[in-house]
Number of protein chains: 2
Amino acid sequence: MRRPRGRPAQGTGVTRDAILTTALTLLDESESGGKGLSMRALANRLGVTPMSLYHHVEDYAGLLRALSDTVYADVLKDIEAGLACHEEVREILIRYHAAVRRHPQLTLAIFATPAAFAGVTREITDRLTGLLQTMTTEPLLWRDILIDHAHGSGLPVARDDDAPAAPPPDDHDYRRALDCLLSALGPRRQ
Amino acid sequence: MRRPRGRPAQGTGVTRDAILTTALTLLDESESGGKGLSMRALANRLGVTPMSLYHHVEDYAGLLRALSDTVYADVLKDIEAGLACHEEVREILIRYHAAVRRHPQLTLAIFATPAAFAGVTREITDRLTGLLQTMTTEPLLWRDILIDHAHGSGLPVARDDDAPAAPPPDDHDYRRALDCLLSALGPRRQ
DNA sequence: ACCTGAACACCGTTCAAGT
DNA sequence: ACCTGAACACCGTTCAAGT
């Protein structure tokens, strides 16, 4: 009952930007499969009531959609003009993988919240599909293979025989695997 | 206050088997990214107090581990003897993908609960690694690619341009993609 | 327009108490 | 050994009430 009931005098409220920034921080701080972010914990961190968040985002799924739109915003942006299809696919996937790897808990949260899938991610898959159509007779097959691999390779699933919390492969390892896949997709006998 | 306080007279309690079976049912019924299963909902469905479950499973992560052990139990079982490496890898992955596809919500729940990863799944990855060592100079790379693809292809992520809840590709589609990958891994120029 | 408290229907898990 | 109710510290979201 510290704070008054109605609207505060000055701009003591939250911004949409502040919400998104703090939400991403909460997500990045946790290691619990996307469970680190909750509306209540987020409001708490912002020094605000949970309900005030609903004036800036639609709901929890909407919050995740907004987050993914900002995190993946640069994937398709300013791609060098006149690139060969092969190189453009490579560039997009390297950027996408880097974004997944930077915020793996966001990707896991989206996995757990089907309604959060939309926006930029759809544009990325569409762009990849278009490019792959000129490169292989099975564009949808390879688009799925490449995206699945970018996800799996960017997410912290314990899979190696070493430490249970082994970090995902770094960018260099991803590039190596990606080139492996792209050269398989490209010209090959049979 | 209907039921008496102490231990019931007869075997009105729950079995570990009943717990696992009902848990899998709850998971399969839901479409919410592995959120359909909770200790409380499970106890409710079994007509029992939430706390009674803790006498049969360690906790929520332990429940998921037990579930994955039963769901993936048959993946390595009774593999035909004298199979070529190539064929054995193919058989294991087809079975693994089928299990993921049968209970996608379990896989999503495990993704969201890192502590749930263990047991049979580790045996499967180890077996695959061993086989791939005789097939390629990059066994770990290809093991990850193949498992990531089995996951992605078995999970209901909205990714296609069609219906948002489009079903994952069926077994035939997976086999086609898998053969695509395996022939890329196999002998190829350069 | 924006924030509030109270409420509803949920969570996982601990703990002492029963038989 | 196994189940219980009560409790603690959480969830997302609705709703009427404030300014």
Side-chain angles (χ1 to χ4, degrees), chain A residues 1-19 22-23 26-27 29-30 32-67 105 108-110 112-116, chain B residues 1-19 22-23 26-27 29-30 32-67 105 108-110 112-116:
Chain A
M1 217 231 248
R2 185 78 59 78
R3 302 189 62 179
R5 250 266 195 162
R7 181 187 198 183
Q10 270 313 73
T12 60
V14 270
T15 319
R16 192 170 205 265
D17 272 6
I19 290 178
T22 307
L26 276 176
L27 228 24
E29 281 174 356
S30 83
S32 39
K35 282 171 193 159
L37 175 63
S38 72
M39 297 295 271
R40 293 183 107 107
L42 174 56
N44 205 54
R45 178 72 69 102
L46 289 164
V48 118
T49 305
M51 303 75 211
S52 63
L53 302 177
Y54 289 84
H55 293 279
H56 302 94
V57 296
E58 196 176 353
D59 53 12
Y60 180 69
L63 172 62
L64 292 184
R65 274 197 304 273
L67 285 176
Q105 299 297 318
L108 288 173
I110 292 174
T113 313
Chain B
M1 218 230 247
R2 186 77 58 77
R3 301 189 63 180
R5 249 265 195 165
R7 180 187 198 181
Q10 271 312 74
T12 59
V14 270
T15 320
R16 193 170 205 266
D17 271 7
I19 289 177
T22 307
L26 275 176
L27 228 24
E29 281 174 356
S30 81
S32 39
K35 281 172 193 158
L37 174 64
S38 73
M39 298 295 269
R40 292 184 108 107
L42 174 56
N44 205 53
R45 179 71 69 99
L46 288 163
V48 117
T49 305
M51 303 75 211
S52 63
L53 302 177
Y54 288 84
H55 293 277
H56 300 95
V57 297
E58 198 177 351
D59 54 11
Y60 180 69
L63 171 62
L64 291 183
R65 275 197 302 274
L67 285 176
Q105 298 298 317
L108 288 173
I110 292 174
T113 314

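Given the structure is predicted, the values throughout are model-derived calculations rather than measurements. Below, chains carry the letters A, B, ... as their sequence lines are ordered, and counting in each starts from 1. Heavy atoms only: backbone and side chains are in, while hydrogens, waters and symmetry mates are out.
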Does [N] have its OP1 or OP2 closer than 4.0 Å to a side-chain nitrogen or oxygen of [X]?
| X | N | result |
| --- | --- | --- |
| H56(B) | dA1(D) | no |
| Y54(A) | dT14(D) | no |
| T49(A) | dC3(C) | no |
| S38(A) | dC11(D) | yes |

Side chain of A41(A) - closest among dC3(D), dC11(D), dC3(C):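 The answer is dC11(D), which lies nearest to the side chain.
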For A115(B), enumerate each residue passing the side chain to side chain contact (heavy atoms under 4.5 Å, CB included) test, keeping only those at least two apart in sequence or located in another chain.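 Expected list: A61(B).
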Applying side-chain hydrogen bond (donor to acceptor under 3.5 Å, both in side chains) as the test, list every pair that has at least one member in residues 53-65 of chain A; sequence neighbours left out.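 side-chain hydrogen bond (donor to acceptor under 3.5 Å, both in side chains) check on residues 53-65 of chain A returns E58(A)-R65(A).
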Can you check the [X] [atom1] to [N] [atom2] distance for me, whole Å?
| X | N | atom1 | atom2 | answer |
| --- | --- | --- | --- | --- |
| K35(A) | dA9(D) | NZ | C1' | 16 Å |
| Y60(B) | dT14(C) | OH | P | 16 Å |
| L53(A) | dG5(C) | CG | C1' | 15 Å |
| R40(A) | dG5(C) | CZ | P | 12 Å |
| M51(A) | dC8(C) | CE | P | 14 Å |
| H55(B) | dA16(C) | NE2 | C1' | 12 Å |
| L26(B) | dC10(C) | CG | C1' | 15 Å |
| M39(A) | dC11(D) | CE | C1' | 11 Å |

dC2(C) and dA17(D): how far apart are their C1' atoms, nearest whole angstrom?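 Looking at atom C1' only, dC2(C) and dA17(D) are 13 Å apart.
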Could you tell me if the side chain of L67(B) sits less than 4.5 Å from the side chain of I110(B), heavy atoms only?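 No, side chains not in contact.
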Restricting to salt bridge (Lys or Arg N to Asp or Glu O under 4.0 Å), what partner residues turn up for R16(B), sequence neighbours left out?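 For R16(B), no residue satisfies salt bridge (Lys or Arg N to Asp or Glu O under 4.0 Å) once neighbours in sequence are set aside.
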Output all residues satisfying side chain to side chain donor-acceptor pair (under 3.5 Å) with R40(B), sequence neighbours left out; order by chain, then residue number.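 With sequence neighbours excluded, R40(B) shows a side chain to side chain donor-acceptor pair (under 3.5 Å) to no residue whatsoever.
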My understanding is that only residues two or more places apart in sequence, or in another chain, count here; which of them pass side chain to side chain donor-acceptor pair (under 3.5 Å) with T22(A)?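 So T22(A) forms no side chain to side chain donor-acceptor pair (under 3.5 Å) with any residue.
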Stem list for DNA chain D, please, built from Watson-Crick and G-U wobble pairs under 3.5 Å and keeping only runs of at least 3.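 Stems (3+ consecutive pairs) listed as C:4-8 with D:12-16, C:12-16 with D:4-8.
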With a 3.5 Å distance limit and no angle check, can you tell me whether T49(A) reaches the backbone of S52(A) through a side-chain donor-acceptor pair?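 Between the backbone of S52(A) and the side chain of T49(A) there is no qualifying donor-acceptor contact (under 3.5 Å).
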